[in-house]
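A short write-up of the structure that comes next.
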Amino acid sequence: MSQMPQPTALTKCPICEWPLASDDRFCGACGHALSAVSAPPEDHPTLTMNGTAGDPPDEAASAAWPVASEPSADTPPPVVRPTDIPGTDSGGGELSGPGRGVRFDRPSEPDEYPLAAPQPPDPRTGDLATPPAGTKLCVACRAGQVDRDGYCENCGHAQPRERDHTEQELGAVAAVSDRGLRHHRNEDAFAVSSTALPDGSPAVVAIVCDGVSSATRPDDASLAAARAANETLLESLPRGTHPQQAMHDAIVAASRAVNALAEDPETAQEQAPHQNAPACTIVGSVVTPTLLVVGWVGDSRAYWVPVDRGAPSARLTEDDSWAAQMVAAGLMNEAEAYADERAHAITGWLGADAYELEPHTASFKPDRPGVVVVCTDGLWNYAEAAEEMAEAVPLDAAQRPLHCAQVLVGRALDGGGHDNVTVAVLPFPAPPQGAGSA
């Protein structure tokens, strides 16, 4: 039995170098027949295996390199540049131009560059046309108009609200109101003014209102109440109405102003089926040279802080709240009542859906100078007891009422600013006329 000739054992395909097994006859990758013997590559050794010199290289295929002259001490060696070397392109043709043999990837640069197309002017810096009367422009893009909700119709930027932080100082009274750190708007409002009684003695007025957040348009309710109460006091006090009666009438006028909002078409548009009518609380004070009067409905408060801190301070109002009712009924002590989650539920407010209007008023005749602090619960939540409030009031509050109000608002913000905070400071006794007017 004759044997078939065996192919030479290869480890790789001579064509594609695919790994081979010892018994493969064809390459598994390219199909090359492994039994066929490939022609050996043409070899042009420099030195033959028998020790003789090989054939000289083809002179035509070699490049003609420039020959450098022998260097001397007087003449520097010549420099051979790449452009001195002949070359060919990929097609075998001779390169032309000063850069033959050298590749430059950067394109040639023009002598002049064309200017970019002009961009539209920045609306924030350009000269803007005067907007129509009553139109408010966006503070961000300076181009779009602001809609009734306080957002730019062009870029959507929320506009800073005028009431987010407000301050006002007369010579005899000052007030500060701030949105706080948690609320999206300021629902507090205040009004401060001064006038003269029939005998010429001064009368200083401060009204502070806190909108009920669960009601419709609480910010409008507080602003309407503060303005109405202030205007009523400025009308009645110069006519000789007793300050305590004037305060009672001012609260009634404030209640009517808030009730009127419930009939406003704007309220009907915003009011949800199960939402309450516009509502707020109110607290106010009138200070004369001899008399201190306060009036309130709700849980906004007034405190008395004497200049002589050795004398006792006092809270001048009683809250219309669930906690106050529990304490008054003897069902809880004050600490227990105000620790309850229902403590701040108010039982009295200004609004069309209030059970009944019961203005509270009180008059005092302090025997020493001091200041009256009129505030919303955004402040007294951080200084509830009269002693705590007295500690927070600066010693020079009677001389610098605005600074005192700023310090007290700062205390609330440093404490967390969970609510809107508004505070008015009135020195007692009222300073002479000329220190400020409405």
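Keep in mind that the numbers below use all heavy atoms, side chains included, and drop hydrogens, waters and symmetry copies. Keep in mind that what you see is a predicted model, and the values were worked out from it rather than measured.
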Note to self: Checking side-chain polar atoms at under 3.5 Å, does D249 have a donor or acceptor matched by the opposite partner on T241?
What the structure shows: no
Notebook entry, point to check: Mind checking whether H344 and W380 have ring centres under 6.0 Å apart?
Noted result: yes
Checklist line | Polar side chain donor-acceptor pair, S193 to N230, under 3.5 angstrom | finding: yes
Check: Which heavy atom in N154 sits nearest to a heavy atom in G144, and how many Å separate them?
Finding: CB-CA, 3.4 Å
Next item on the list: Could you tell me whether R301 and D377 make a salt bridge, using a distance below 4.0 angstrom between a side-chain N and a carboxylate O?
Entry: no
Margin query: Under 4.0 Å between a side-chain nitrogen and a carboxylate oxygen: does that hold for D419 and R182?
Written below: no
Check: For E384, does its backbone N or O pair with a side-chain atom of Y303 as donor and acceptor, under 3.5 Å?
Finding: yes
Note to self: I'd like to know whether E162 forms a salt bridge (Lys or Arg N to Asp or Glu O under 4.0 Å) with R179, so could you lay out the CA-CA distance, the side-chain angles of the two residues, the decisive distance to 0.1 Å, and finally the verdict.
What the structure shows: CA-CA 10 Å; E162 182 179 355; R179 178 173 59 92; over 6 Å; no
Margin query: Among N333, D319, N381, exactly one meets side chain to side chain donor-acceptor pair (under 3.5 Å) together with Y338. Which residue is that?
Written below: D319
Check: Do you know the tightest heavy-atom contact between H183 and H418?
Finding: CD2-O, 3.4 Å
Margin query: Are D164 and D178 packed together at the side-chain level, in the sense that at least one heavy-atom pair is separated by less than 4.5 angstrom?
Written below: no
Next item on the list: Please name the pair of heavy atoms, one in A424 and one in V208, separated by the smallest distance, quoted to 0.1 Å.
Entry: CB-CG2, 4.2 Å
Next item on the list: Kindly give the heavy-atom pair with the smallest separation between L408 and M389, and that separation in Å.
Entry: CD2-SD, 4.4 Å
Item checked: For V421 against T376, the heavy-atom pair lying closest together -> CA-OG1, 3.9 Å
Item checked: Exam field: side chain D299 to backbone I346, donor-acceptor pair closer than 3.5 Å -> no
Item checked: Cationic N near anionic O, under 4.0 Å, E231 to R256 -> no
Note to self: Under 3.5 Å, is there a donor on one side chain and an acceptor on the other for H165 and E167?
What the structure shows: yes
Notebook entry, point to check: Among side-chain atoms of E187 and S222, is any donor-acceptor pair under 3.5 angstrom?
Noted result: no
Next item on the list: For L350 and A225, work out which heavy atoms get closest and say how close.
Entry: CD1-CB, 4.2 Å
